[in-house]
Amino acid sequence: MSDKQSQDQSPMQDHYSHASIESQVQKMWEDNKSFEVTEDPDKEKFYCLSMFPYPSGKLHMGHVRNYTIGDVISRFQRMQGKNVLQPMGWDAFGLPAENAAIKNKVPPATWTDTNIADMRAQLKTMGFAYDWSRELATCKPDYYRWEQWFFLKLFEKGLVYRKKATVNWDPVDQTVLANEQVVDGRGWRSGAIVEQREIDQWFLKITAYADELLDDVRKLEDWPQQVRTMQENWIGRSEGIELEFGLEHTEETLSVFTTRPDTLMGATYLAVAPQHPLAERAAVENPDLQAFIEECKNMKATEAEMATMEKKGFATGVSAIHPISGESVPIWVANFVLMSYGSGAVMAVPAHDERDWDFAKKYKLNINQVITSANETVANSINIEEGAYIEKGVLINSGEFSGLTSQEAVDGIANFLQEAKKGRKTINYRLRDWGVSRQRYWGCPIPIIYCDDCGAVAVADEDLPVELPTDIEFDESGSSPIKKMPEFYEVPCPKCGKAATRETDTFDTFFESSWYYARYTGPDNDKSMLDERADYWLPVDQYVGGIEHAVLHLLYARFFNKLMRDEGLIEADEPFTKLLTQGMVLADTFYYENEAGGQEWVAPKDVTLDTNEKGKVTKMTDPQGRALKTDGMSKMSKSKNNGVDPAELIQKYGADTLRVFSMFAAPPDQSMEWSNTGVEGANRFIKRLWRQVYEHVNSSTAPTTNKIDSAFEDLSNLHQELRRKVYTTLEKVTDDMTRRFTFNTAIAANMELINELSKFNEKGSQADAVRQEAFKTIVLMLSPVMPHVAQELWVKLGNEGLVMDQDWPESDEDALVQSNIQMMIQINGKLRGKVDVAVDADDKKVEALAMENENVKQFIEDKTVRKVIVVKGRLINIVAN
RNA sequence: GCGAGAGUGGCGGAAUUGGUAGACGCGCUGGUUUUAGGUACCAGUAUCUUAGGAUGUGAGAGUUCGAGUCUCUCCUUUCGCACCA
């Protein structure tokens, strides 16, 4: 780019006017294509990605916060000399577009396109450093054709399969509902009670990668511990044994899974899930049992209550044979046993499991203690009639296994069962295979054709993409229009040519968001999904997004990354090296009670607050004079009417103010409380900096060039102190930006420096040179946060070019040198004085100086000094009594 | 119930390695400028106080010359999982 273009020779305005600055600076970036990047093997790359938004129509504060964090990191890394990629796109498939289509009679594609255009314009007003040439939208065929292609690769490899799974069926609208469309067990439009139906759906074998996903999540050291733990729990690996109980009077067996084989000898009954085949068979001749099973099935609705729900059971009348003792153990149906985990049946050891104990007490089943503690005192305190003993210990009442420790018994019993062919060691996962079929319209079509003769057949490569028809109309039922479009689904079989039927289901939208980060590296490629550019940019160095994606999105993206690696498309094992999960944006909530006793929520901007002389709020009123109540801070939402529109604030204060406030109010990973007065404070800060630079520029006798080093010879103390403050601030800010990611303290440190600078009233060319250096450094340090005003001030300070292309300032050792430091004097750990000492003074000298302090003398007058501790450069603690 | 985190002025938050608690900002109080409001600027703002100090980081104990920070017990709260055998 030409430097000329960025030079504005007009005189500096005495006041800060955000509107003209921001539009001019943004235009300059756009004209210069400042954020377009290409692969440069000579430069270190940095790929910074923020989670792409769903194009709902308007930017909200959560977006502003998320994208500002990513942008600050990107711009900082750019100043560190990295080749920075920061792309943006749209997670464009999804249910809201269908809802809008029904409501407004607009096709989802049109609605989505309009929203993307609006939101793109809004993002641009925020001045984010995105490479817009890489923009992608997941609803476009040039994007989703590659996931269709990839799905078929997985199909070939046997990593996808079809099986029956339950869906929510609305019997009135005759359509499948997404979980979000089921409200209190009823269809959201029809109000009909939703039924569960079993239909064939496609699954991805994520369980085949369970071990690798678990092992590798433990290696992601730059991810928040919380997210790693959540993923570990989600995968939920547990080691144990699967064993067979023979059924009495038949040849059949019942398989159960346990992680505590050491307690096997204490198993006094078995419990199976209500859906278990054995339960259903036993119910055929037992109407009471049948009724119990039905009752359990209907309890499904509220999952939250499930955990606290009363444990209930019903005897099947069938008994099993204990695989070791040969004793008869009754089989029960229990409402707490899950059909979906393990084999849907458990062995119950009431002596050593709380839930089994409760159940046994309730139904008067045997409780046999088989574990005791190695510690005699503990062992004597165990009373199995009072409660279960769940610790591991030493086996008793266990025949040949008695005396073994739990640890030894696990292997011993497992080996015994294995040899008897009655069991084997096994690993169970909580993780289920990923069902990717959705019976919705607005999604990527699944590229499969069903033929009566050939079965499920892949769409031929040359027929990809299977394009989703966009010229459609929704009827009142809300069911997918392509399910009623013969021109879409009537196709010949790709194998035999016979008339066949195209799949009309679409992919779960998590499918699109699982690989978009990789596609940004080559979004223009119409020959392949990814190319060699992917290996230049991947993995993503910094990923920024909401904690709500801690499990599903991040797990699926990690899974896809491994799938793509195994397909030879990329090299990296993991997609995201560092992860930053930003906190929620909260705002005050206010309401009054209406006549019906309901809550009417009042927008925070319409509320007047009265305070007492300490600033504590004493009264809240709305414009009609109604006294209001508050429900505290909660996440900005429509339902509580406490949202704040970023567009209005950009208009009023400018993007830089919004950026400064959202970075300053809280550390990025914590929730942030919105405050309108806080925004004004951020704006005041920028205006103050502007005015100070204005006064400096207009009164300066110093050279406005930056050749000021010669001016720093023989500086006075005051001058030296200011320079030291500049460079201690720089060191702190650099640390905050690189290591800590605490942008709030980085901004605070700059505020502190600016406050010092405003008190620095020295005159003369040396003072001006010191000031010039200080302002220049401040502008560089703040430019990632407030890039527009920083650019303008950069030029007004007499510099050339783009501030964002400058190197991050280097520390100056000379400026940091100090001859004297202040040390604290404590007596018995309490602060009693301060003393200035030479930096190189030894401990004896320091101690002597401290003893001379008047206040210290007073305090130790009638005491004996026992000990003196000198912590170099910090404090002296005198221990006396 | 299990797991992880948090608790500091009127509020958001700072204190990074055990070493000046309350940086920075908001709010509030007083003042200057202004016809006035707003803006801007200046000063003050943890609590008690006999004005020497004393107390103070959810509560209680402990380790230490010294604890917001480390250990233990308890309380409150946020988030996640939720009968996972």
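Naming convention: chains lettered A, B, ... in sequence-line order (proteins, then strands); numbering from 1 in each chain. Because the structure is predicted, anything quoted here is derived from the model rather than measured. Just so it is clear, the values below take in all heavy atoms, side chains as well, and ignore hydrogens, waters and symmetry mates.
The pair A/Glu221-A/Arg228 fails the salt-bridge criterion, with no side-chain N (NZ, NE, NH1 or NH2) lying under 4.0 Å from an Asp/Glu carboxylate O. Look at A/Arg691 and A/Asp14 and you find no salt bridge, because none of the NZ, NE, NH1 or NH2 atoms lies under 4.0 Å from a carboxylate O. For the pair A/Asp353 and A/Arg260, the salt-bridge criterion is not met [side-chain N within less than 4.0 Å of a carboxylate O].
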**Item:** Bracket notation of RNA chain B in which parentheses pair within the strand, [ ] cross earlier pairs, and | pairs with another strand (Watson-Crick or G-U, under 3.5 Å)
**Value:** (((((((..(((......[....)))((((((.......))))))(((....)))..(((((..]....))))))))))))....
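Residues meeting the ring-ring contact (aromatic ring centres under 6.0 Å, His included) test with A/Trp234, sequence neighbours left out: none. Every residue was checked against the ring-ring contact (aromatic ring centres under 6.0 Å, His included) condition with A/Phe743, not counting sequence neighbours, and none meets it. Taking the ring-ring contact (aromatic ring centres under 6.0 Å, His included) definition, one finds that A/Phe359 meets it with A/Tyr269, A/Trp332, A/Phe336, A/Tyr363, sequence neighbours left out.
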Dump every N/O contact between nucleotides 38-42 of chain B and the protein below 3.5 Å, one line per pair.
unit_1: B/A40; atom_1: O3'; unit_2: A/Arg691; atom_2: NH2; d: 3.3
unit_1: B/C41; atom_1: OP1; unit_2: A/Arg691; atom_2: NH2; d: 2.8

Pairs: protein N or O with nucleotides 52-54 of chain B N or O, under 3.5 Å:
unit_1: B/A54; atom_1: OP1; unit_2: A/Arg832; atom_2: NH2; d: 3.0
unit_1: B/A54; atom_1: OP2; unit_2: A/Arg832; atom_2: NH1; d: 3.0

**Message:** At under 4.0 Å between heavy atoms, how does the protein contact nucleotides 61-68 of chain B? Give one character per nucleotide, 5' to 3', with B, S or -.
**Reply:** ----BS--
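Every pair passing salt bridge (Lys or Arg N to Asp or Glu O under 4.0 Å) that includes a residue from residues 545-558 of chain A is listed here, sequence neighbours excluded: A/Arg558-A/Glu574. The salt bridge (Lys or Arg N to Asp or Glu O under 4.0 Å) pairs that include a residue from residues 735-750 of chain A are A/Lys732-A/Asp736, A/Asp735-A/Arg739, A/Asp736-A/Arg740, where partners are two or more places apart or lie in different chains.
If you find the closest nucleotide of RNA chain B to A/Arg740 and to A/Asp356, the one lying nearer the 5' end belongs to A/Arg740. If you find the closest nucleotide of RNA chain B to A/Tyr429 and to A/Leu875, the one lying nearer the 5' end belongs to A/Leu875.
Near-neighbour residues of RNA chain B inside residues 262-272 of chain A, defined by a heavy atom below 4.0 Å, are absent. A heavy-atom distance below 4.0 Å to RNA chain B is reached by these residues of residues 663-677 of chain A, ordered by number: A/Phe664, A/Ala665, A/Pro667, A/Gln670, A/Ser671, A/Glu673, A/Thr677. Contacts between residues 221-245 of chain A and RNA chain B, defined by a heavy-atom separation under 4.0 Å, are made by A/Gln226, A/Thr229, A/Met230, A/Ser238.
Contact annotation: side chain of A/Arg874 to base of B/U20, donor-acceptor pair absent below 3.5 Å.
As judged by a 4.0 angstrom heavy-atom cut-off over every strand, A/Val337 is placed among the base-contacting residues.
With a glycosidic angle no more than 90° from 0, B/G9 adopts the syn conformation.
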